[in-house]
Number of protein chains: 2
Amino acid sequence: MAERSAGEGRRERLRRETWRDLRAAALAEVRDVGAAGLSLRSVARRLGMSPAGLYRYVDSREALLTVLIADGYHDLADHLVVALGAGADELRAEERAAPQVPVVAPPDAGTTARLEAVGLAYRAWGVSHPNEFGLLFGDPIPGYAAPEGGVTVEAMRRVGIAFAQPILELHAAGELALHPALGAREIVGQMGPMVDLGASMPAEVAALLLLAWGRLHGQVSLEVFGQHHWLMPDGCEALYRAELARMLVELRAVPEPAT
Amino acid sequence: MAERSAGEGRRERLRRETWRDLRAAALAEVRDVGAAGLSLRSVARRLGMSPAGLYRYVDSREALLTVLIADGYHDLADHLVVALGAGADELRAEERAAPQVPVVAPPDAGTTARLEAVGLAYRAWGVSHPNEFGLLFGDPIPGYAAPEGGVTVEAMRRVGIAFAQPILELHAAGELALHPALGAREIVGQMGPMVDLGASMPAEVAALLLLAWGRLHGQVSLEVFGQHHWLMPDGCEALYRAELARMLVELRAVPEPAT
DNA sequence: CTCACCAGCGAACACCGTTCGCACTTCACC
DNA sequence: GGTGAAGTGCGAACGGTGTTCGCTGGTGAG
């Protein structure tokens with residue numbers, strides 16, 4: 001009786017819907033009990049399925065976590081992209097509403113403002129999604145979860161690109177502080193034989209990008225994982241804003257004093 | 001027949017030895033399979049004990065992990081203290097050999113050199129103890145592992161102190177760059193009602209200390225947790241050294257240009 | 001209409017953390 | 001020295017977990 005539109009049979013549709021529900025249930029479980037506490041049986045209960053039934057959709061618990069990791073990177077990347085003030089057309093092509101981000105750079109904002117917005121959005125996402133943050137950036141899964149050229153690296157590239165975009169703009173405008181003493185040659189030398197940082201990404205800029213990401217990540221990581229909780233129980237926003245401001249200053253080229 | 005020396009009965013001695021072996025076995029287990037994979041039954045097997053027997057020494061798996069976390073912080077702190085070039089007398093009073101640290105500042109080294117040594121030791125410990133690093137700085141234990149004024153915070157204070165020492169020296173020498181724009185007042189305002197940073201630790205210095213720690217921690221965290229593995233499979237030493245050097249420069253006061 | 005396919009299920013296996021009651025040793029006290 | 005309390009370890013058990021296997025019954029293509 002169904003209309004059979006466009007070769008999408010009833011079975012395929014049901015399967016896709018179940019698959020979507022499964023991921024949503026698993027994500028909810030992670031939000032509730034954390035990645036380490038995710039239990040396939042509990043996910044099955046949420047879905048009203050039998051535990052064995054899940055294995056029609058997922059190879060193992062670890063595989064499910066890998067899917068959630070990729071989803072998590074995409075969600076984070078979406079938030080960063082929105083904070084950049086970009087149009088919603090750069091979002092992931094997926095059935096997902098545009099995320100609500102507290103600080104969004106206005107479309108005509110300067111490069112520095114956009115970089116600041118991305119930095120703030122990074123912390124905001126981590127603080128408001130602590131278990132997902134732990135899933136992405138905490139202990140790797142016990143048995144290892146490094147799928148070679150898999151779906152997760154592709155997703156985390158999007159996060160890197162969000163950070164890279166304003167930094168590349170800064171570089172294009174000649175406002176990025178590139179010290180030759182950085183030792184970019186050695187750093188890039190440690191990179192894999194062929195890491196294709198698009199053509200417009202010089203090695204020094206790539207190194208600066210990694211350093212900037214790590215610098216912000218350290219603050220967020222210590223805060224989200226509770227390392228500062230006994231010191232600052234109400235969160236570390238002031239600390240983070242201070243570091244972000246310092247970083248923005250130091251990233252910009254200071255005109256050399258005439259010697 | 002035993003000599004019963006100094007009120008230490010046979011039973012207490014055996015108990016202490018078993019307790020030491022238990023912690024060693026659990027640590028070995030963590031090193032092998034990671035914190036998330038630690039299994040009490042497996043620890044019991046290593047000891048040739050029954051699983052139930054462990055409960056004479058440990059209240060639960062979580063409690064054992066808490067002990068390991070405290071041990072881990074002490075081990076890390078020991079490494080940092082050694083790197084500082086301090087005498088072994090500042091090490092933790094425990095039956096433990098002084099750790100071997102690759103870079104040790106000579107006893108008469110300048111403050112900057114000692115700070116650099118601590119920074120390098122931090123990464124060196126993380127890279128060579130990835131699973132313990134994950135235990136300390138990865139996801140908090142699913143059910144939470146924040147013992148209020150417990151043994152772990154005391155241990156992680158030692159880590160903070162190791163970082164603080166050279167920074168305080170820098171401050172005492174008037175060589176620490178303290179920007180009023182840092183907003184130290186707000187930052188310290190977010191700190192708990194009474195955090196006793198010893199008398200010689202001004203608020204601005206405390207803020208700078210947290211920022212410096214986080215800055216280095218971010219790099220180590222991303223590297224140890226494998227976030228950069230696809231980019232730099234052979235480790236990120238060059239990247240880290242660059243960031244450490246930049247940080248050392250920026251921490252030192254630049255003499256104000258005469259206006 | 002037929003028949004391959006496939007989602008889902010129940011039962012089972014091995015492993016896990018944890019509890020309980022029981023043997024056995026050690027120690028303190030009379 | 002004898003006696004009773006305290007401590008140590010064990011085996012069995014319970015409920016939970018991830019995962020596999022063989023089965024049923026509906027789906028969809030020829």
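Numbers restart at 1 for each chain; the letters A, B, ... are given by sequence-line order, proteins then strands. The shown structure was predicted, so the numbers you read here are calculated from the model rather than taken from an experiment.
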What is the distance, rounded to the nearest whole Å, between atom [atom1] of [X] and atom [atom2] of [N]?
| X | N | atom1 | atom2 | value |
| --- | --- | --- | --- | --- |
| R13(A) | dT27(D) | CZ | P | 11 Å |
| E12(A) | dC5(C) | CD | P | 16 Å |
| E62(B) | dT18(C) | CD | C1' | 14 Å |
| Y55(B) | dG21(C) | OH | C1' | 17 Å |
| E17(B) | dT8(D) | CD | P | 13 Å |
| D21(A) | dA7(C) | CG | P | 15 Å |
| L65(B) | dG17(C) | CG | P | 10 Å |
| L54(A) | dG10(C) | CG | C1' | 15 Å |

| With sequence neighbours excluded, what pairs up with V224(A) under the side-chain contact (heavy atoms from CB on, under 4.5 Å) test? |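 Listed in chain order: V127(A), P130(A), F133(A), V220(A).
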| Listed partners of R11(B) passing side-chain contact (heavy atoms from CB on, under 4.5 Å), at least two apart |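 Scan of R11(B) (side-chain contact (heavy atoms from CB on, under 4.5 Å), adjacent residues dropped) gives none.
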| task | List for me each residue that meets salt bridge (Lys or Arg N to Asp or Glu O under 4.0 Å) alongside R123(A), sequence neighbours excluded, and say none if there are none. | result |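 R123(A) satisfies salt bridge (Lys or Arg N to Asp or Glu O under 4.0 Å) with E223(A) only.
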| request: For the pair R158(A) and D78(A), find out whether any cationic side-chain nitrogen is under 4.0 Å from an anionic carboxylate oxygen. | output: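 Result for this pair is yes, salt bridge flagged.
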| task | Determine, for nucleotides 9-17 of chain D in 5'-to-3' order, which nucleotides have protein heavy atoms under 4.0 Å from the base (write B), from only the sugar-phosphate (write S), or from neither (write -). | result | BBB-B---B
| task | Can you run down the ring pair (Phe, Tyr, Trp, His ring centres under 6.0 Å) pairs that involve residues 25-73 of chain B, sequence neighbours left out, and say none if there aren't any? | result |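 Sorted result for residues 25-73 of chain B: Y73(B)-F137(B).
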| request: Please list all pairs passing the salt bridge (Lys or Arg N to Asp or Glu O under 4.0 Å) test where one or both residues lie in residues 50-60 of chain B, with sequence neighbours left out. | output: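 Not a single pair qualifies under salt bridge (Lys or Arg N to Asp or Glu O under 4.0 Å).
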